[in-house]
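In what follows, a single structure is set out as structure tokens and then discussed.
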Amino acid sequence: MTQSTTFAVHIPDADLEPEPLDPSQILEGAPEVSGKVLWQSEDGRRIRGIWQITPGVVTDTEADELFVVIEGRATIEVDGGPALTVGPGDLCVLREGDRTTWTVHETLRKAYEITLP
């Protein structure tokens, strides 16, 4: 459901839809991803939503993203950069093109905004 007006969402209780991972991204375990786009700009370059992943280890190439962890814990290792340990209440910024490895310790739910090139 994409909103076109002002809105509020209680993130912990929001219903999410499955977003299957590419099997080549999974390094360990059987993590499952779900999410929901809450808003998208007309040109499709800015996206706001909720995303969740269950425990496991996955790789990704990031977009320009700002997110806040609502629940859960993970360590995000950035190739050539820091290892970020995030949990409830933490704000994180990832840069477009960052290659990351996510070790999800507890099911992680986040609210995010992505800006695409």
Side-chain angles (χ1 to χ4, degrees):
M1 168 178 88
T2 301
Q3 300 284 337
S4 60
T5 60
T6 302
F7 65 93
V9 174
H10 187 67
I11 297 165
D13 297 332
D15 289 329
L16 307 180
E17 311 233 342
E19 296 180 0
L21 282 167
D22 179 333
S24 68
Q25 291 180 271
I26 301 171
L27 300 180
E28 187 178 310
E32 295 180 7
V33 171
S34 55
K36 183 173 203 161
V37 171
L38 299 171
W39 177 88
Q40 187 168 347
S41 63
E42 285 186 30
D43 64 6
R45 291 188 57 235
R46 289 183 35 220
I47 304 165
R48 296 175 183 154
I50 302 167
W51 185 83
Q52 179 172 289
I53 185 169
T54 62
V57 181
V58 299
T59 62
D60 200 9
T61 300
E62 303 297 336
D64 180 18
E65 179 179 4
L66 176 144
F67 67 85
V68 176
V69 176
I70 305 305
E71 58 189 39
R73 299 193 181 283
T75 302
I76 306 162
E77 296 175 59
V78 180
D79 287 358
L84 310 168
T85 301
V86 297
D90 289 335
L91 180 142
C92 184
V93 174
L94 298 172
R95 297 172 304 166
E96 180 185 346
D98 278 346
R99 292 179 180 269
T100 56
T101 301
W102 290 64
T103 301
V104 181
H105 311 291
E106 300 169 8
T107 297
L108 183 134
R109 183 175 282 217
K110 66 181 183 177
Y112 67 85
E113 178 169 270
I114 292 173
T115 303
L116 301 172

Polar side-chain atom of T75 near backbone of T103 as donor-acceptor pair, under 3.5 Å
no
How many angstroms lie between atom CG of D60 and atom CZ of R99, to the nearest 0.5 angstrom?
10.0 Å
Taking all non-hydrogen atoms of both residues into account, name the closest pair between C92 and V86 and its distance.
CB-CG1, 4.4 Å
CD-NZ distance between E17 and K36, expressed to the nearest 0.5 angstrom:
6.5 Å
Kindly give the heavy-atom pair with the smallest separation between R109 and I11, and that separation in Å.
NH1-O, 2.7 Å
Flag, side chain of Q25 to backbone of T59, donor-acceptor distance under 3.5 Å
yes
Distance-minimising heavy-atom pair for A63 and I114
CB-CG2, 3.5 Å
Between D98 and T100, a side-chain donor and acceptor under 3.5 Å
no
Do L21 and L27 sit in the same hydrophobic cluster, where Ile, Leu, Val, Met, Phe, Trp and Tyr count as joined when their side-chain heavy atoms come under 4.5 Å apart?
no
Looking at every heavy atom in both K110 and W102, which two are closest together, and how far apart are they?
NZ-CH2, 3.8 Å
R73 versus T85: any side-chain heavy-atom pair under 4.5 Å?
no
In terms of hydrophobic clustering (I, L, V, M, F, W, Y; side-chain heavy atoms under 4.5 Å; direct or indirect links), are L108 and V57 co-clustered?
no
Donor-acceptor contact present, side-chain R45 to main-chain L116, <3.5 Å:
yes
To the nearest 0.5 Å, atom CD of Q40 lies from atom CD1 of I47 at 4.5 Å
Taken to the nearest 0.5 Å, the spacing of L66 CG from E113 CD works out to 7.0 Å
Between S41 (side chain only) and R46 (backbone N and O only), is there a donor and an acceptor less than 3.5 Å apart?
yes
Can L94 be reached from V37 by stepping across I, L, V, M, F, W or Y side chains whose heavy atoms are under 4.5 Å apart?
yes
What closest approach, in Å, do G87 and D90 show between heavy atoms, and which atom pair accounts for it?
N-OD2, 2.8 Å
How far does OG1 of T107 sit from CD of E71, to the nearest 0.5 angstrom?
8.0 Å
Taking every non-hydrogen atom, the tightest pair across W51 and E19:
CD1-OE1, 3.7 Å
